[in-house]
Amino acid sequence: MRAITVRSATISIISIFLIILFVHFSSQPSELKSSLKPQFDHEDINAKQSLDEKFMSFFPHGDFATQHEAVRNALRIALETNRTLILPQVRLGKTWDWQPFAILSKYYESQDKQVLKTSCRLNQRNWMTKYQPCQQLNQWIELPWSTFFNLDVLRNEFSIRIIERTTDHNWGTRDTLTPFLKPEQVIVLDPTSFASNGSDWETKIKINRNQKPESSQEEKDSLKLTTGLKNVIRSQDLMQINQRYIQFGSLVYGLRFLTNASRHQSALQRALRSNVFVSPNQFHAVNQVSQTIVNALGGAGTYNCIHMTIGDLANTELLNQISMKRENAAIEGIKFVDDTKLSDDDGQPYNATQLLNQLNPNAQFDLMTALVRELNGDMPINQAVSVALPLKHSLLRDLLSKPYIKNRQSLLDACIDYRKAVDTRYPIYYLSNDVYKDIHQHSELFGPLIKAFPCMFTKNDMYLWGPVDSEWAERIHGLNDLEVDYDDLLSIVVEILVASKGYSFFEVPTTKLTRLLSWN
Ligand SMILES: *[C@@H]1O[C@H](CO)[C@@H](O)[C@H](O)[C@H]1NC(C)=O
Ligand SMILES: *[C@@H]1O[C@H](CO)[C@@H](O)[C@H](O)[C@H]1NC(C)=O
Ligand SMILES: *[C@@H]1O[C@H](CO)[C@@H](O)[C@H](O)[C@H]1NC(C)=O
Ligand SMILES: *[C@@H]1O[C@H](CO)[C@@H](O)[C@H](O)[C@H]1NC(C)=O
């Protein structure tokens, strides 16, 4: 867990920004339709593509921040190799972890919602529903990256050619965007799956190309991998590939793909760490909701954000419990039996709720107590001091002395007031978690947190009091699948925008999201 302090923009900049956004979007009848439209149609690209134009693409995996990381790496490689990046969409909601190339490609290909819906409705199980289970059909959506991020600045300032693949999931030799390529002009490159595709990590000794293993054997070997190979692709290796289309596997692990520190490359890296492809601020409805939440929390710089992935915490805790029970059984000389389950009978990992429910209330309480201790340690020092002091005479103190606070909106008002008038360091929190909407119904888990930090608010609060209309996402033009909870799926983007205007951001456990927010 790590805390970062986020620069806060001034109110005036925000309002100018909003005015610009408003002017920009009010001239477009349907924000989403326009961004869902592919950037080029096929005839266009046939006409425009020069005879030597080269291409690259990759397969996404992981959560929003992980997919974002892969695109950053893809941009770096596209710049290095002067290849047009064929960009898959971002998948929100349920996704998968790293897989060997052949499996990752199946996950990618199988995402056709219309086909899946038909199969699921007819109760037909096939290879696609194996990768995209019917019960998860409404737990994910795909959207073009340009829905959230400004890609034109990459095109214009860094001359990176980007085409978004928005209509299908055809890749490599069958890519609908490059029908003019012959199969021999396409090559697969995935150093995390195929030993021959890279140099060894430690020794950097190039694998002997003359003794290149059979592709089919390499593919068989790759299927046994549970984590990616630690091979490196050097810039020279990338540049030597003559095929006009490189289909990468995972591009999440950037250290596997070395690029030279040219002037252009350094400029791109600087931009990617400051203001380019950093803020998902191109989606009007999402911007509006996050700004409303920022305002409700007292404005930019007034609050801290906490992002808790309880499923991961519970998973770690359960593993600890299992190994402790095993040890105890060994000491006592009895047979080790355990009914803890981390995945279902089909091998699908249990979701956060299923994991948490296997921890008894005391274990949940202890888990949170430990987290509060960590949070206290990671808090900016001025806030840590403030929260440790007894509250001064105030409306906040009066409210908190009551056994139960009925009106949480008045609590937020009192918190903001206390921070403005009494102690500018007193922390206000905006919390998100992957299990419970209403944290106040679950004191077995959140009790220690709320006790330590009473000014703790959630999206649920915002929806109950009405600064945010809980149906905002259902009204977005173009997102019209009634079975999909768009609010839930878009919440990661809302959260990034809210957190980027906060005072600091904490994440437990830490993921790539913390890094993404450090650039915001
Ligand atoms: C980069 O690729 C484009 C498209 O094929 C080509 O027109 C351009 O000349 C290439 N630039 C360099 C420096 O090779
Ligand atoms: C990477 O390995 C695969 C599987 O062996 C092979 O088909 C492909 O040609 C290799 N790519 C490169 C660039 O060596
Ligand atoms: C990248 O750097 C290496 C070592 O400095 C050099 O040999 C190679 O030619 C460079 N490649 C490019 C594409 O500039
Ligand atoms: C977790 O799985 C259970 C059982 O399959 C299901 O009832 C529940 O809705 C799931 N929870 C989430 C948050 O997906």
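Start at 1 and go down the list; that is how both ligands and their atoms are numbered. No hydrogens, no waters, no symmetry mates; every other heavy atom, side chains included, goes into these values.
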query = Got more than 12 heavy atoms from elsewhere within 6.0 Å of NZ, Lys130?
reply = no

key: All pairs passing ring pair (Phe, Tyr, Trp, His ring centres under 6.0 Å) where residues 105-137 contributes a residue, at least two apart   = Phe59-Tyr108, Trp96-Tyr107, Tyr107-Tyr131, Tyr108-His169

key: Residue portion contacting ligand 2 (non-hydrogen atoms closer than 4.0 Å) for Ile187   = side chain

task = Compute the ring centroids of Phe457 and Tyr303, then answer whether they are less than 6.0 Å apart.
result = no

message = Contact between ligand 1 and Arg83 is defined here as a heavy atom of the residue under 4.0 Å from a ligand atom; is it met?
response = no

ask   = Mind checking what makes side chain to side chain donor-acceptor pair (under 3.5 Å) contact with Gln217, not counting sequence neighbours?
value = Asp221

ask   = Atoms of ligand 2 less than 4.0 Å from Ser196 heavy atoms?
value = 2 (O)

request  = Have a look at Trp98 and tell me which of Thr226, Thr192, Thr66 forms a side chain to side chain donor-acceptor pair (under 3.5 Å) with it.
outcome  = Thr192

note = At a 4.0 angstrom heavy-atom cut-off, ligand 4 is contacted by Asn351, Thr353, Gln354

Distance filter under 4.0 Å to Leu189 heavy atoms, resulting ligand 2 atoms = 13 (C)

Any side-chain donor near an acceptor of the partner, Asn460 and Thr458, under 3.5 Å = no

task = Please identify which atoms of ligand 2 are closer than 4.0 Å to at least one heavy atom of Asn197.
result = 1 (C), 2 (O), 3 (C), 8 (C), 10 (C), 11 (N), 12 (C), 14 (O)

query = Any ion pair linking Arg515 and Glu69 (charged N to carboxylate O, less than 4.0 Å)?
reply = yes

message = For Phe453 and Tyr429, I'd like to know if the aromatic rings sit close, meaning centre-to-centre distance below 6.0 Å.
response = yes

task = State whether the shortest distance between N or O atoms of Lys54 and N or O atoms of ligand 1 falls below 3.5 angstrom.
result = no

query = How would you list all residue pairs meeting salt bridge (charged side-chain N to carboxylate O under 4.0 Å, His left out) that involve residues 110-122, not counting sequence neighbours?
reply = Lys117-Asp481

remark   = Quick note on ligand 1: atoms under 4.0 Å from a heavy atom of Glu53 include exactly 5 (O)

task = Report, in ascending order of atom number, the atoms of ligand 2 lying under 4.0 Å from any heavy atom of Glu218.
result = 2 (O), 3 (C), 4 (C), 5 (O)

